[in-house]
There are 2 protein chains.
Amino acid sequence: MAAVKSDLPQGTLDLLILKAVAVEPVHGYAIAQRLEQVSRGVVQVPEGSLYPALHRLENRGFLAADWKKTETGREAKFYRLTRKGRKQLETEAASWQRLIEAIGLILGMADGGAQ
Amino acid sequence: MAAVKSDLPQGTLDLLILKAVAVEPVHGYAIAQRLEQVSRGVVQVPEGSLYPALHRLENRGFLAADWKKTETGREAKFYRLTRKGRKQLETEAASWQRLIEAIGLILGMADGGAQ
DNA sequence: TGTCCATCCCTTGCGCTTCTAGGCATCTTC
DNA sequence: GAAGATGCCTAGAAGCGCAAGGGATGGACA
């Protein structure tokens, strides 16, 4: 509801995908749905962003994929985290944490108008 | 210290610049220094990112500039926030808040390995 | 049977931002 | 007068997200 449509900053999509896959192996289509649900509609991942990102992460060795059947009886490409991918997730999550703290400090600066 | 060198996600630089200028009119060179100081070295803005961003924000009407003398007696281009820019700052700050909350929800999902 | 919708995969091309790597000028300090 | 800090700028490359396309399958419904 109230789909605010916030474009993702460059680089954050990888983090979100890695996290989604870390919870349990899933296929691409489900990743997008899950991210949207968990974020309450704030994060929306169009397929034109999703699949290139998945291939990117696979090429870099962070993800690996197998074709399996979904619950609905369809063939789908299930991604899972490699050891390297899990490490990358930790690194990126830490970077993200550091970043939002830093930006928090900046946004917390006393404003000229208010206080 | 411990300059971690974290590249900024696309779009966040504008927010940081708008905020820095909102505190008080400053020139470009000082913006970079201020952001780095306040963020304790986490946010580092190379000049090749800074000046194009400033021109971008000026072209969009969010910033206005005047040449003045600095404390050190030099001519420098002081940027200040326009009314439109202040509104933009509020919008972007709110978006940022919404985004980090959403990503927080996602990163808080129970992991497959730990929890 | 035929049609529609949801599920599931993919690619091309554009637009945007960031960074690297330069250049230029002034002022102070040694 | 050489060096470093201050202060501005640009061009080019690289990367990423998105819109807009395409295709295939299965179930529901008329």
Side-chain angles (χ1 to χ4, degrees), chain A residues 3-18 20 25-37 42-60 62-63 65-79 92 95 99, chain B residues 3-18 20-21 25-37 43-60 62-63 65-79 92 95-96 99 103:
Chain A
V4 196
K5 169 67 168 173
S6 74
D7 294 347
L8 282 176
Q10 194 164 310
T12 48
L13 180 58
D14 288 8
L15 170 60
L16 299 183
I17 291 178
L18 288 175
V26 271
H27 57 274
Y29 192 80
I31 292 177
Q33 289 185 319
R34 191 176 288 250
L35 290 180
E36 184 167 347
Q37 284 174 6
V42 175
V43 172
Q44 294 181 29
V45 187
E47 302 192 346
S49 307
L50 178 66
Y51 290 109
L54 284 171
H55 300 155
R56 205 162 56 223
L57 293 170
E58 194 178 3
N59 285 336
R60 291 178 186 166
F62 299 143
L63 296 181
D66 317 279
W67 286 91
K68 285 186 205 166
K69 274 206 190 304
T70 63
E71 303 165 352
T72 62
R74 258 202 176 78
E75 286 294 315
K77 211 169 168 182
F78 281 77
Y79 289 91
E92 287 198 21
S95 287
L99 180 69
Chain B
V4 196
K5 171 64 170 176
S6 73
D7 294 346
L8 283 175
Q10 194 165 314
T12 48
L13 179 57
D14 289 8
L15 171 61
L16 299 183
I17 290 179
L18 289 175
V21 173
V26 270
H27 58 272
Y29 192 81
I31 292 177
Q33 289 184 321
R34 191 176 287 251
L35 290 180
E36 183 168 348
Q37 284 173 7
V43 172
Q44 294 181 27
V45 186
E47 302 191 348
S49 307
L50 177 67
Y51 290 109
L54 285 171
H55 300 155
R56 207 161 56 224
L57 293 170
E58 193 179 3
N59 285 336
R60 291 178 186 164
F62 299 142
L63 297 182
D66 316 278
W67 287 91
K68 285 186 207 164
K69 275 206 189 304
T70 63
E71 303 166 353
T72 62
R74 256 201 177 81
E75 287 294 314
K77 210 170 170 181
F78 282 76
Y79 289 92
E92 286 197 21
S95 286
W96 172 255
L99 180 69
I103 294 186

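A note on names: the letters A, B, ... follow the listed sequences, proteins ahead of strands, and every chain is numbered from 1.
When each of D/dG7, C/dT7, D/dG15 is scored by its nearest atom to the side-chain atoms of B/Thr70, the top-ranked nucleotide is D/dG7. For A/Ser49, the listed nucleotide lying nearest its side chain is D/dC18; candidates were D/dC8, C/dT18, D/dC18. Among D/dC9, C/dC9, D/dC18, the nucleotide with an atom closest to any side-chain atom of A/Pro46 is D/dC18. Distance from the side chain of A/Tyr79 is smallest to C/dC10 among C/dT7, C/dT18, C/dC10.
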For nucleotides 27-30 of chain C, give me every protein contact, N/O to N/O, under 3.5 Å, one pair per line with atom names.
residue: C/dC27; atom: O4'; partner: B/Arg74; partner atom: NH2; Å: 3.4

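Across the protein-nucleic acid pair, A/Leu8 atom CG and D/dG15 atom P stand 20 Å apart, rounded to whole Å. Distance CZ (B/Arg34) to C1' (D/dT6): 16 Å, rounded to an integer number of Å. With rounding to whole Å, A/Leu50 atom CG is found 8 Å from C/dC9 atom P. Rounded to an integer number of Å, the gap from B/Leu57 CG to C/dC16 C1' is 14 Å. Rounded to a whole Å, the OH atom of B/Tyr29 is 14 Å from the P atom of D/dC9. Rounded to whole Å, the distance from NE2 on B/His27 to C1' on D/dA5 is 12 Å. When rounded to the nearest whole Å, the span between CD of A/Gln10 and P of D/dC18 equals 10 Å. Rounded to a whole Å, the CD atom of A/Glu71 is 17 Å from the P atom of D/dG26.
A donor-acceptor contact under 3.5 Å is not formed by the side chain of A/Glu75 with the base of C/dC9. Between the side chain of A/Glu47 and the base of C/dC9, at least one donor-acceptor pair of N or O atoms lies under 3.5 Å.
The structure places CG of A/Leu57 at 9.0 Å from OH of A/Tyr79, a figure rounded to the nearest 0.5 Å. Taking CD of B/Glu75 as the reference point, atom NZ of B/Lys69 lies at 4.5 Å (rounded to 0.5 Å). Taking CD1 of B/Ile17 as the start and CG of B/Leu54 as the end, the distance is 4.5 Å to the nearest 0.5 Å. Between the OG atom of A/Ser95 and the CG atom of A/Leu15 there is a distance of 9.0 Å, given to the nearest 0.5 Å. Separating the CD atom in A/Glu92 from the CG atom in A/Asp14 is a distance of 5.5 Å, to the nearest 0.5 Å.
Comparing B/Gly28 and A/Pro52, the nucleotide of DNA chain D nearest to each residue sits closer to the 5' end for B/Gly28.
Put simply, A/Arg56 has no side-chain N or O that comes within less than 4.0 Å of OP1 or OP2 on D/dG15. Between A/Tyr51 and C/dC9 there is a side-chain polar atom (N or O) within less than 4.0 angstrom of OP1 or OP2. A sub-4.0 Å separation between OP1 or OP2 of C/dT11 and a side-chain N or O of A/His55 is present.
The shortest heavy-atom contact between A/Gly28 and A/Leu50 is O-CD2, 3.2 Å. Smallest separation of non-hydrogen atoms from A/Ala53 and A/Leu13: CB-CD2, 3.9 Å.
Between B/His55 and B/Tyr51, the ring planes lie tilted relative to each other; the angle falls in the 30° to 60° range.
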